[in-house]
Engineer: 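Submitted below is the structure of interest, expressed as structure tokens.
Convention: sequence-line order gives letters A, B, ...; per-chain numbering from 1.
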Amino acid sequence: MKKIISLSVLMLFVSIITQPQTKKVKVVTTLNYLKYVTEQIGGNNVSVIALANPKQDPHYVTPTPRMNAVTTDADLFIENGMGLDQWAKNVVDASGNPKVQAGTSGHLTATLNVPVKELPTEVSRAWGDIHPQGNPHVWLDPLNIKIIAENIAGSLKTLDPANAAYYLNNLQHFKEQIDAAMFGEALLKAVGKKAGDILSRKTKTGELTAWLQTKKLNSKLGGWMKTAQSLAGKKVITYHKTYIYFAERFGIDLAGELEEKPGIPPPPQHRDAVVELVKREHITTILNDNFYSTEAAEYVSSKTGAKVAVTYIDVYATTETETYEGLISTLLQNLSGTVR
Amino acid sequence: MKKFIGIFILVSIAAVCLNAQHREADSSVNLRRIQAQLSALQSLVDSITAVNENSSVHEEDLEAVEERMEKQFSEVENKIASISRSTAPIILNPRITTFINFAARVDNKNVLDETGTIPIHNRPFLRTVELELGAPVDPYADAVTILSVEDEAGTGFAIDAEEAYVNIKRLPIIESAPLGVKLKIGKFRAPFGINNSIHLHDLPWTTRPLPIAKYLGTEHGEFFESGFNTAGAEADFFLPSFHSSSAIEMKLALMRSGEIGMAQGTAGNNPPLVGRLGFSQEWNNEQLLLLGVSGYHEPGNHSTQLIGADVTYKWAPIEKRESRSFVVGGELFAGSRSAPDTAGRKTTIKPFGGFAYAQYQFSYWTYFGLRYDWLQEPSDAALITKAAAAYISYYTTEFLRFRLGVEHKQSDLLAPKFNNVTSIIFDVNVVFGSHPVEPYWVNR
């Protein structure tokens, strides 16, 4: 016992005197899309570690000693929040790092100020694993990712004010990248100054198509919004309520879920109800997040002929989703290939 | 024209903002309506901008109006977000969770509790009801209280503070804790091995492993809540590891003497030192290996030492993680207890024991597991007790769990008519409230 204590005291001493002197802001994020955005904003001034595996269900990540240890010396901890990555609290608590505790400038809930959907009127487990603060899958709407990027830039500015201009410049560049992917370069050029803001606003209010017609700019529309034109109003089934932000942005109609209640595998009678729905509404596509079993989706598919598209929702999950732009493009391609 | 447009828009903004202030306390529905009005106004500005591209309207003035409107727009959106999120039911109140554990047993022989006086065979028990309250105390500390109502082997119920402690994360004078040092002060489950820190309702088995009940502590035996939990103070910190996928964690605690099962009710003169040095290695968030060595050192006239080693390996695939997993593990214990006999000579007992288990998850709902326990009795190392158990668990969700187990136990301590007991145990765990995520929990 004495040897163990002596050894640990010695290791503690060694660790204190060998603390690396680095100027980079060390950031730990729960999910990989947050890592991606932080790297876009922070550039060479940050080192970022994501705790979850991008193929993993973000609801159910088991906090481990490794996660706690890497957070011990972080300058900034970023979580999605809204009850999605609740396990983040265990990591922050167990890290013992005072700089990243909730309520400090080193702790960021990235979805702050993002307009939420599906805010429950009743918070009860009778409804399954509902999120009291609304549906948390906000990052799948490209307009929301810009708000998230602003929040991250804000935190980096606070922690590293000497490089504030650098972070703001990167933020602007990131937003332009998203705008270009969303609307196409040609349309941005045609609209001119503040095109990204104007087009984003028109998209939010549902006036984009009409406004483009008035301005005779329809032919200039490109990017995701152009791709999504062929999907407008099409009905799809999803396993979980993962895609409500994505669907609203791109005009897709979510007709139902395989889960009867969120977070609980679909019971047989509900699968049959979904089969009836798919037949009645002539639905051709079932989106099944990669981390959920495809058993129920395949059952419905076998009875109806609807195609099952296995989808990824985090950056870095596959080679096609190495960027946020790749993630959204892949989701749209999956839909374009199956929706009729 | 320029003035007219500018005044019109400014008046509109003022009206909308005034309206927003009056209704700040109203529901988010009203705010959404205001947001819609702002959107409409913004749309109007966009249209005017478009229409007047080549007119005499001054672009810079319109730009300024637009910026003001944008600011108001985001302020309203922020208000909506904050009102929306304020529905979280934990504002200032503690997080409250209730756990209920019910168990019924059918035995082929009469079974007595650990005191050897109370029959516990062929009957149902409400083994524990726990009420857990947890909340931040201030920016520097969190506190947890777990009040339990425990079945006293069918003779009644006892209310106990199962755990009650404060976790100090930082101090106003220390802005950065070296190695993430945290202090826990109060009554808590001691950092000895892995399974001692898990509460009865979170165990994957229907009973505690015998070595934990016997060496670490019990009042009524392995069928009831047991383990080593007492008052003390603990420091928990990380040591430098070899690789980013691994971690080394040290927990050291000073606790009240004489309360560990190994001490057999005799207290030393000094508070015992308890600790665990743990090593963990992760592979791709898919496989987790935990290795640990633990120690308990209680010096004095009546001295007690206990050394433990634990290993846990868990596999859960990255995809479809909720429906497949495998866990294997075990713990070994080697104890030494010295006490003077009636002639004043010191006698020492050195018992040894351990348990091993494995569990496989077949589906989201179903688990199957085995466990084997073997130990030398802490009162007399020449006496052996062993048990083998198998169980199947069915979860509707993580909050409602049913378990059916069969267990066979042999003990040199027991008279023949009480020995070679085979028991069938059915238990139900219910969790309601805001139970937080459990680290390393074997079932999820």
Side-chain angles (χ1 to χ4, degrees), chain A residues 1 4-5 8 11-12 14-16 18 49 52-53 55-57 60-66 68-70 72 82 86-87 89-90 93-99 101 103 112-116 119-120 123 125 132-134 197-198 201-202 204-205 207 211 214-215 263-265 290-293, chain B residues 39 42-43 46 50 70 77-78 80-81 84-85 87-89 139 142 167 169-170 174-182 236-241 244-247 249-250 252 273 275 277-278 280 282 284-285 288 293 295 297 318-323 364 397 399 432 436-437 439-441 444:
Chain A
M1 191 67 186
I4 293 170
I5 296 165
S8 57
M11 289 175 85
L12 192 145
V14 168
S15 79
I16 289 169
T18 57
I49 296 169
N53 184 304
K55 290 185 178 176
Q56 205 168 356
D57 183 347
Y60 297 108
V61 174
T62 308
T64 62
R66 191 263 310 174
N68 307 339
V70 298
T72 297
M82 302 176 73
Q86 279 186 315
W87 46 274
K89 183 177 174 0
N90 291 60
D93 285 350
S95 75
N97 182 350
K99 288 189 287 182
Q101 298 299 318
L112 203 68
N113 300 332
V114 173
V116 295
L119 198 65
V123 180
R125 287 228 163 93
Q133 293 164 312
D197 291 343
I198 292 169
R201 217 174 290 125
K202 295 289 174 199
K204 276 184 194 173
T205 54
E207 297 171 303
W211 188 76
T214 311
K215 300 278 284 178
I264 296 172
N290 69 295
F291 40 80
Y292 292 123
S293 166
Chain B
S39 296
Q42 185 61 61
S43 217
D46 291 340
E70 186 78 32
E77 280 190 337
N78 291 354
I80 291 171
S84 302
R85 287 155 197 240
T87 56
D142 292 343
N167 243 332
K169 301 183 285 188
R170 61 188 274 235
I174 305 171
E175 281 304 313
S176 69
L179 307 177
V181 176
K182 300 165 290 293
D236 175 0
F237 53 90
F238 291 98
L239 297 167
S241 67
S244 60
S245 62
S246 63
E249 189 174 10
M250 184 79 202
L252 284 173
L273 186 63
L277 179 65
S280 75
E282 242 183 274
N284 199 29
N285 289 33
L288 174 67
V293 287
H297 177 65
I318 287 297
E319 295 173 305
K320 302 166 186 65
R321 193 178 186 82
E322 284 70 55
S323 51
Y364 178 88
T397 64
F399 306 107
F432 58 93
V437 181
Y440 335 126
W441 193 32
R444 287 265 186 260

Engineer: Can you name the nearest heavy-atom pair linking Glu322(B) to Phe291(A), along with the distance?
Structural biologist: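 Heavy atoms only, the tightest pair is OE1-O, 4.4 Å.
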
Engineer: What part of Gln56(A) is in contact with chain B, defined as an atom under 4.5 angstrom from a non-hydrogen atom: side chain, backbone, both or neither?
Structural biologist: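 Both parts, heavy atoms under 4.5 Å.
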
Engineer: Measure the spacing between CG of Asn53(A) and CD1 of Ile318(B) and express it to the nearest 0.5 Å.
Structural biologist: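 Going from CG on Asn53(A) over to CD1 on Ile318(B), the span is 4.0 Å.
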
Engineer: If you apply the rule side-chain contact (heavy atoms from CB on, under 4.5 Å), what do you find for Arg66(A) with Asn285(B), and how did you get there?
Structural biologist: CA-CA 10 Å; Arg66(A) 191 263 310 174; Asn285(B) 289 33; 2.9 Å; yes

Engineer: Identify which part of Asp142(B) has an atom lying under 4.5 Å from any heavy atom of chain A, answering side chain, backbone, both or neither.
Structural biologist: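 Looking at Asp142(B), just its side chain touches chain A.
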
Engineer: Tell me, please, which residues at least two apart from Tyr292(A) pass ring pair (Phe, Tyr, Trp, His ring centres under 6.0 Å).
Structural biologist: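 Ring pair (Phe, Tyr, Trp, His ring centres under 6.0 Å) check on Tyr292(A) returns Tyr239(A), His240(A).
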
Engineer: Could you pull out the closest heavy-atom pair between Gln101(A) and Lys169(B), with the gap in Å?
Structural biologist: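 So the minimum-distance heavy-atom pair works out to OE1-NZ, 3.1 Å.
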
Engineer: Quick check: closest heavy atoms across Asp93(A) and Lys182(B), and the distance to 0.1 Å?
Structural biologist: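 Closest heavy-atom pair between Asp93(A) and Lys182(B): O-CD, 3.2 Å.
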
Engineer: Given that the side chain runs from C-beta out, which part of Lys320(B) has a heavy atom under 4.5 Å from chain A: side chain, backbone, both or neither?
Structural biologist: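 The answer is both parts of Lys320(B).
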
Engineer: If every non-hydrogen atom of Tyr364(B) is compared with every non-hydrogen atom of Ile264(A), which pair is closest and at what distance?
Structural biologist: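 Taking Tyr364(B) first and Ile264(A) second, the nearest heavy atoms are OH-CA, 4.5 Å.
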
Engineer: In terms of heavy-atom proximity below 4.5 Å to chain B, should Ser95(A) be classed as side chain, backbone, both, or neither?
Structural biologist: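 Ser95(A) touches chain B through backbone heavy atoms alone.
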
Engineer: Quick one: of Gly180(B), Ser280(B), Gly278(B), Ser244(B), who has the most non-hydrogen atom pairs under 4.5 Å with chain A?
Structural biologist: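 Looking at each option in turn, the highest pair count goes to Gly180(B).
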
